[in-house]
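Chain identifiers are assigned alphabetically (A, B, ...) following the order of the sequence lines, protein sequences preceding nucleic acid strands; residue numbering begins at 1 within each chain. Remember, it's a predicted structure, so these values are computed and weren't measured experimentally.
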There are 2 protein chains.
Amino acid sequence: MDLIDLNAMPETEARFPAFIDDLCDKLELDYASYVAMPPLSGDVRYYANYSDDWADHYAQNNLHCVDPVIHKSVNSIAPVDWQRFDRDQNFNLVFNPGREFGIPNVGISVPIRGPYGEVGLLSVSRNCEKSVWSKLKRKIMGDLQVAAVHMHDNVMQSGILPNVLSRPALSSREKEILQWAAAGKSQQDIGDILCISHRTVEVHLRSGRSKLNALTTAQAVGRAISHGLIYPG
Amino acid sequence: MDLIDLNAMPETEARFPAFIDDLCDKLELDYASYVAMPPLSGDVRYYANYSDDWADHYAQNNLHCVDPVIHKSVNSIAPVDWQRFDRDQNFNLVFNPGREFGIPNVGISVPIRGPYGEVGLLSVSRNCEKSVWSKLKRKIMGDLQVAAVHMHDNVMQSGILPNVLSRPALSSREKEILQWAAAGKSQQDIGDILCISHRTVEVHLRSGRSKLNALTTAQAVGRAISHGLIYPG
DNA sequence: ATCGCTATTAGGGGATTCCCGTAATTTTTC
DNA sequence: GAAAAATTACGGGAATCCCCTAATAGCGAT
């Protein structure tokens, strides 16, 4: 199976919907969607070939807050088959009205995580019998995984998700001191460890906070960790 | 391609090496290894079918600290083909001696991330011409992705990685207050927000620190985030 | 049903730490 | 060569930490 190579396409955002369309063609699917979610739960990026009607209905009713497919997938390692939600109240709440829009209730969602804690979710679906779906799923699972990784990799590299890419540049000393702070050391401790005044330690913490737009050191440590600048200690 | 279903096997650790062996058989590979790395950079879990000689040599020389395949993969979304390291000094430092052990220098590493920041790395390799390798790679990429996800999912569910699973149980109030602390609020702020005394806030922070084995609130926030108990604010 | 454990609430007080303003020297960058 | 950033450091006031005690409520166990 040869899917579109996003790296070989002009670096416009239009290549992502094109990839979605191509995916549906090649894998005998009706609909596909991709969502990129930064760890700070800020703005998401969304591509799909659902009808505008369904997309509007989904967005206007904030169905993403209810949709159990989302909740399950962002906490899962393996792909999540929608059949798991057969008797799920929230699933039916979201997808029963979807039938009027021609939305299938069989499908699968493939979560992909990146090194910054962001999650990409590639969901595909098709109007067919469940037995047909089971066979199709087995056949295309490998390609789906590859497609999800490829899509997420390229969306991340495109820098479209601002929260993830705008990683504040901390100086090495700032990172070093923030790392010790994350390890539970006091300013005095850190000063002793690095053989500098605890006053100096505080200055680095201050500039670190400032660069991370953090009000307290605790917030700065949390943000630095979530940005991958330091490790939990 | 039908790989072993780890869910259908007895829940012993022996099924993981068996999966590695089966993977090599079915995908025409010589060697495969899987490493699970918790976010707290603590103890890793490792399965492989390399010769004991090579494994000992790798471990005794702490080659994982030098191995560029590891470094690149844990920061990558997409699989990392070892061909990328053709002229990499560290790669040759690690793998040139590997030839004496029969270790191939063509291979690929597939990183998989879970919701707790842990990384699983499935690496496979084979002794063959680069042209043969390129063809094989294209053929098995989908299965490799599926295998990596399957392996990582099952290792995580087995609870073998203690750091990830031993998630301290914070009370709802403790999590709530720690969440506000991660959002940069002071104790007084939090007291005002929750309409309780700032003294009470401090008690919850103290018990939270205690449960997380943290010396400072900053460390507690970092640990709580890395454990997925709260979100970065 | 009483005992014990935990959660949640709250205060006093001393020691420590944090945070802000200021500022010098060195290094890096343009 | 000048501008910007990094690294070093002090003083003072505010905030937090950490020890103590203590009451009320809930929940599982003996």
Side-chain angles (χ1 to χ4, degrees), chain A residues 159 162 165-233, chain B residues 165-233:
Chain A
L165 281 224
S166 70
R167 184 142 69 140
L170 297 188
S171 75
S172 60
R173 201 59 154 174
E174 284 158 356
K175 275 190 285 190
E176 186 177 18
I177 285 175
L178 218 47
Q179 180 68 74
W180 282 115
K185 302 300 179 186
S186 72
Q187 295 182 0
Q188 186 64 59
D189 290 339
I190 300 171
D192 293 343
I193 290 168
L194 300 178
C195 298
I196 57 178
S197 160
H198 70 97
R199 307 295 192 153
T200 306
V201 172
E202 197 274 327
V203 172
H204 289 300
L205 283 175
R206 196 189 312 172
S207 59
R209 284 195 301 267
S210 164
K211 288 177 181 175
L212 290 162
N213 275 317
L215 293 167
T216 64
T217 300
Q219 188 181 22
V221 165
R223 291 202 165 161
I225 289 174
S226 76
H227 280 117
L229 294 164
I230 63 172
Y231 299 100
Chain B
L165 282 222
S166 70
R167 185 142 69 138
L170 296 188
S171 75
S172 60
R173 203 58 154 173
E174 283 157 357
K175 275 190 286 190
E176 186 177 19
I177 285 174
L178 218 46
Q179 180 68 74
W180 282 114
K185 302 298 180 188
S186 72
Q187 294 182 1
Q188 186 62 59
D189 289 339
I190 299 171
D192 293 345
I193 290 168
L194 300 178
C195 298
I196 57 178
S197 160
H198 69 96
R199 301 308 195 121
T200 305
V201 173
E202 198 271 330
V203 172
H204 289 300
L205 284 176
R206 195 191 314 170
S207 60
R209 284 195 299 265
S210 163
K211 287 177 183 175
L212 290 163
N213 275 317
L215 294 167
T216 65
T217 300
Q219 188 181 23
V221 165
R223 291 202 165 162
I225 289 174
S226 76
H227 280 117
L229 294 164
I230 62 173
Y231 299 99

Please tell me if B/Ser171 has a side-chain N or O lying less than 4.0 Å from either OP1 or OP2 of C/dT8. yes
Students often get this wrong, so: under 4.0 angstrom with heavy atoms, is B/Arg199 touching a base, only sugar-phosphate, or nothing? base
Whole-Å distance between D/dT16 C1' and B/Leu215 CG? 15 Å
Ignoring backbone atoms, establish whether A/Lys211 has a side-chain N or O less than 4.0 Å from OP1 or OP2 of D/dA6. yes
Take atom NE2 of B/His198 and atom P of C/dG11, then tell me their distance rounded to the nearest Å. 7 Å
Are A/Gln187 and C/dC18 close enough that a side-chain N or O sits under 4.0 Å from OP1 or OP2? yes
Looking at A/Glu202 and A/Arg199, is any side-chain nitrogen of the basic one under 4.0 Å from a carboxylate oxygen of the acidic one? no
With heavy atoms under 4.0 Å as the rule, sort A/Ser197 into base, sugar-phosphate or nothing. sugar-phosphate
Applying a 4.0 Å non-hydrogen cut-off, can you work out what A/Ser207 is touching in the nucleic acid: base, sugar-phosphate, or nothing? nothing
Which whole-number value in Å describes the distance from B/Glu202 CD to C/dA10 P? 13 Å
In terms of side-chain heavy atoms, does A/Thr217 have a donor or acceptor partner in A/Arg209 at a distance below 3.5 Å? yes
Kindly say if A/Arg209 contacts the phosphate of C/dC20, meaning a side-chain N or O under 4.0 Å from OP1 or OP2. yes
Grab the CD-C1' distance between A/Gln219 and C/dC18 for me, whole Å please. 15 Å
May I ask you to verify if any side-chain N or O of B/Arg206 is less than 4.0 angstrom from the OP1 or OP2 atom of D/dC19? no
Tell me what A/Thr217 touches on the nucleic acid: a base, only sugar-phosphate, or nothing, going by heavy atoms under 4.0 Å. sugar-phosphate
Reading DNA chain C from 5' onward, which residue's closest nucleotide shows up sooner: A/Thr216 or B/Ile177? B/Ile177
Check whether the side chains of B/Ser171 and B/Glu174 place a donor and an acceptor atom closer than 3.5 Å, and report yes or no. yes
